[in-house]
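As structure tokens, the structure follows; a few thoughts come after it.
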2 protein chains.
Amino acid sequence: MMSKKNNTSFGEYIRQLREDRNLPLRKIAAELDIDTSTLSKIEKNERNASEQIIEKLSEIFAIDKADLKVRYLSDKITYQLLDEEDGIEILKVAEQKIKYHKQQQA
Amino acid sequence: MMSKKNNTSFGEYIRQLREDRNLPLRKIAAELDIDTSTLSKIEKNERNASEQIIEKLSEIFAIDKADLKVRYLSDKITYQLLDEEDGIEILKVAEQKIKYHKQQQA
DNA sequence: TAATTTTGGACAATAATTGTCAAAGCAAAT
DNA sequence: ATTTGCTTTGACAATTATTGTCCAAAATTA
């Protein structure tokens, strides 16, 4: 189990990818078929990214889709728990539950 | 860090508490100031339980509120990730992120 | 300064959640 | 079998949240 360090938000991450390539929002937004301002907000974590958006982003930037999704969903959960006292414990319990479910279905 | 086993859902759990005391939905719902049918659905994990409901439930059943909240929120996250391939990894990454945030604010 | 990019606010349209009610289903009696 | 009390289900309007879209103001770059 290893720690790729991963402490940039989803939005920051895809913004970085875009800036590395010197592309304007306009271009990427067009490829994604969404409004420039919507993409701006996604990069600032002010709007959700749909499954479809995530998929297209992974194609555009030639990165692993599953990895991008992990970044996105882990972010959402993080924000959900950020104000909770017992955030870490909640995650641990959730992990047990997921393992339990996976085991059941197998 | 230890594993109280915890593999009953929030709904099942509070239903169990109620049934242990031989109380009808009607009574508890009245104390919670919600409809009987709403409580029925909460017990079947078909409706959300608000913060307020969780607090009152902890009072009614004389259990720890924080613990009940952990059960509730871990459940929600579990359901969110149940269909995801990488649920466990998502949780691990979220954990790192939360720890990072906590560390920053300290 | 002009051109381009980025941001923020507004808005209607759509979707999700909530509170509420009524009817139906169920089980245990009597 | 019918009543009685408990539980479940589906429906519905009302509220709240999210989405897609546009525009104009800021900020950045040339």
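So that the names make sense, note that chain A is the first sequence line, chain B the second, and so on, each numbered from 1.
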- Task: With a 4.0 Å heavy-atom cut-off, tell me which residues in residues 23-37 of chain A come close to DNA chain D, sorted by residue number.
- Result: Asp35(A), Ser37(A)
- Check DNA chain D against residues 72-82 of chain A and give the residues with a non-hydrogen atom under 4.0 Å, in numerical order. none
- Closest non-hydrogen atom pair between Ser74(B) and Thr78(B), with its separation: O-OG1, 2.7 Å
- Are Leu23(A) and Ile53(A) in one and the same hydrophobic cluster, where Ile, Leu, Val, Met, Phe, Trp and Tyr link if side-chain heavy atoms are under 4.5 Å apart?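 Same cluster: Leu23(A) reaches Ile53(A) through Ile, Leu, Val, Met, Phe, Trp or Tyr contacts under 4.5 Å.
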Partner residues of [X] under the side-chain hydrogen bond (donor to acceptor under 3.5 Å, both in side chains) criterion, sequence neighbours left out:
{"X": "Asn45(A)", "result": "Ser9(A)"}
{"X": "Asp20(A)", "result": "Gln16(A)"}
{"X": "Arg47(B)", "result": "none"}
{"X": "Glu19(B)", "result": "none"}

- Hey, does the Lys NZ or Arg CZ of Arg71(B) hover above the aromatic six-ring of Tyr13(B), less than 6.0 Å from the centre and inside 45° of the axis?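 Yes, Arg71(B) sits over the ring of Tyr13(B).
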- Query: If an axis is fit to five pairs at each end of the helix from dT1(C)-dA30(D) to dT30(C)-dA1(D), what is the angle between the two, to the nearest 10°?
  - Reply: 30°
- Message: According to salt bridge (charged side-chain N to carboxylate O under 4.0 Å, His left out), does anything in residues 34-44 of chain A pair up with another residue at least two apart or in another chain? List the pairs.
- Response: Arg15(A)-Glu43(A), Arg18(A)-Glu43(A), Lys44(A)-Glu46(A)
- Task: Considering only NZ, NE, NH1 and NH2 on the basic side and carboxylate oxygens on the acidic side, decide whether Glu59(B) and Lys65(B) come within less than 4.0 Å.
- Result: no
- Please identify each residue that fulfils salt bridge (Lys or Arg N to Asp or Glu O under 4.0 Å) with Glu85(B), with sequence neighbours left out.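 Partners of Glu85(B) by the salt bridge (Lys or Arg N to Asp or Glu O under 4.0 Å) criterion come out as none, since no residue qualifies.
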- Item | Members of residues 39-58 of chain B that approach DNA chain C, where some heavy atom sits under 4.0 Å away |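 Listed by number, they are Lys41(B), Arg47(B), Asn48(B).
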- For residues 16-61 of chain A, pull every pair meeting ring-ring contact (aromatic ring centres under 6.0 Å, His included), keeping only residues two or more places apart or in separate chains.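 Every pair satisfying ring-ring contact (aromatic ring centres under 6.0 Å, His included) with a residue in residues 16-61 of chain A: there are none.
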- Query: Can you list every side-chain hydrogen bond (donor to acceptor under 3.5 Å, both in side chains) pair that touches residues 23-32 of chain B, not counting sequence neighbours?
  - Reply: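 Every candidate side-chain hydrogen bond (donor to acceptor under 3.5 Å, both in side chains) pair involving residues 23-32 of chain B fails, so no pair, neighbours aside, qualifies.
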